[in-house]
Amino acid sequence: MTQHRSDLLGVLDARGYIHQLTDAAGLDALAVAGSIPGYIGFDATAPSLHVGSLVQIMMLRRLQQTGHKPIVVMGGGTTKVGDPSGKDESRKLLDDAAIQGNIASIKRIFERFLTFGDGPSDAVMIDNAEWLDQLEYIPFLRDFGRHFSVNRMLAFDSVKIRLEREQPLSFLEFNYMILQAYDFLELSRRFRCRLQMGGSDQWGNIVNGIDLTRRVDGKELFGLTTPLITTADGGKMGKTASGAVWLHEDSLPAYDYWQFWRNTDDRDVGRFLRLFTDLPLDEISRLEALDGAEINEAKKILATAATALCRGPEAAAQAAETARRTFEEGTSGASLPTLQTSDGSIALVDALVGLGLCGSKGEARRLIKGGGARVDAEKIVDEFHVITMTGQTVRISAGKKMHGILT
């Protein structure tokens, strides 16, 4: 671990957030000298962000915790274009009303992680539509487009991968990197922003913004990216058989969110505690050193701490208690996912999919034939099994850790 003078880089480095830095010594000195406004951009393609965005949210939290000013930039303008980074195909474009509705919904998530206000280290949320919607096409191309080399733009991974796979890349998407670079210039002018952070796939876009601002305004800006966050088995962070792990309670119940963290691979516990909780580093070192059955206690601590940040302490405590009752006492618990059947019977395959315990009927059949499905603790191996309700509730289990209630 590199020695840093500033709390900002010291904390980010110690907790595993740093992958690339444009000028580590320069940023370190700037952070020692005073409060730095720094930003990360989020496109508003859905009413909720998912766990894949959480490391970026936590970086803004670390920025604020070390005395600096987080700027949350919502892409009301860039969402209309679509970022090709990490995408295999063009995404559906949304109208203004849908984008603004998504931004309002997403802000509720950020209010749990950041303190917003007018103070020097208080967070602000900005919509880049404020300046992008006002641009005039010909003047913009003349004033800023001339600073971008098409040869260089074609070499960026976000473009190159799409072209190599012979997948369509619209001219609209091709403009995205220019607009994001212009965002950094505009934020520098409006908010004295000096730092842009993001995932490793944003490195090219960040460097473009630094170069543009240096060419146009002669100002020095800085960029920092995080490593790609994958699980120990090489999987993408936040992707499960049931789909994305959403941060909003409207999209994913608190118990399911808690259970996602509880199911963390043993090898990821220490890393995830550093990235996704505020636990002290010495306590994390103690927890990650546990082995055998004891590591499960560390996973419960991870699950409760991560859920408390995102959903609030009360929801986290309730989810932890539901899990304790389910696993330790064998009762159902009130916060498990539920599915209602109107006629008192349902195929087990349909129940597993309806409860979100399996992502498809094919997956459910494989689970049943493999002996992983239980109805009220009884193993069922018949893929055509039909559940007939004799009481008010039936507990459905997929493996040892995933449960739901049929009513």
Expected output: side-chain Thr307 to main-chain Ala303 donor-acceptor under 3.5 Å: yes
Listed by chain and number, what are the side-chain contact (heavy atoms from CB on, under 4.5 Å) partners of Asp233, not counting sequence neighbours? Thr231, Arg267
Can you name the side-chain contact (heavy atoms from CB on, under 4.5 Å) partners of Glu283, sequence neighbours left out? Leu279, Pro280, Arg286, Leu287
Testing the basics here: between Cys193 and Leu221, what is the closest heavy-atom pair and its distance to 0.1 Å? O-CD2, 3.4 Å
Other residues, nucleotides and ligands only: do more than 12 of their heavy atoms fall within 6.0 Å of CZ on Arg192? no
Do Arg214 and Glu220 come within less than 4.5 Å of each other through their side chains, counting heavy atoms only? no
Once rounded to the nearest 0.5 Å, what's the spacing between atom CG of Asn128 and atom CG of Asp183? 4.5 Å
Before you tell me yes or no, could you show the steps for Arg190 and Glu130 under salt bridge (Lys or Arg N to Asp or Glu O under 4.0 Å), namely the whole-Å CA-CA distance, both residues' side-chain angles and the distance that decides it to 0.1 Å? CA-CA 11 Å; Arg190 292 179 180 227; Glu130 288 182 22; 3.7 Å; yes
Mind listing the closest non-hydrogen atom pair of Ile284 and Thr277 along with its distance? CD1-OG1, 4.5 Å
Using ring-ring contact (aromatic ring centres under 6.0 Å, His included) as the criterion, list what pairs up with Phe42, not counting sequence neighbours. Phe110
For the student: nearest non-hydrogen atoms of Thr226 and His19, plus distance: C-CB, 3.3 Å
Please give me the minimum heavy-atom distance between Leu132 and Thr78, naming the atom from each residue. CD1-CG2, 3.8 Å
Step-by-step ring pair (Phe, Tyr, Trp, His ring centres under 6.0 Å) determination, Phe276 to Trp261: CA-CA 10 Å; Phe276 302 115; Trp261 295 105; 5.1 Å; yes
Applying salt bridge (Lys or Arg N to Asp or Glu O under 4.0 Å) to Arg324 and Glu321, what does each step give before you reach the verdict? CA-CA 5 Å; Arg324 186 191 70 78; Glu321 175 61 13; 2.7 Å; yes
Between Glu363 and Arg366, does at least one N-O distance fall below 4.0 Å, as a salt bridge requires? no
Are the side chain of Thr79 and the backbone of Gly75 linked by a donor-acceptor contact shorter than 3.5 Å? yes
Flag, side chain of Lys69 to backbone of Asp122, donor-acceptor distance under 3.5 Å: yes
Taking Asp43 for its side chain and Thr45 for its backbone only, find out whether a donor-acceptor pair lies under 3.5 Å. no
Tell me whether Arg15 contacts the main-chain N or O of Arg274 through its side chain, where contact means a donor paired with an acceptor under 3.5 Å. yes
Please determine if Arg62 forms a cation-pi arrangement with Tyr17, meaning its NZ or CZ atom is less than 6.0 Å from the six-membered ring centre and no more than 45° off the ring axis. no
Per salt bridge (Lys or Arg N to Asp or Glu O under 4.0 Å), Lys299 is matched among Asp268, Asp265, Asp266 by Asp266
For Ile36 and Arg194, the nearest pair of non-hydrogen atoms, with its separation, is CG2-CB, 4.0 Å
I need the minimum non-hydrogen distance between Leu224 and Met59, along with the two atoms involved. CD2-SD, 3.8 Å
Stepwise salt bridge (Lys or Arg N to Asp or Glu O under 4.0 Å) test for Arg189 and Asp217: CA-CA 9 Å; Arg189 291 172 171 178; Asp217 285 356; 2.8 Å; yes
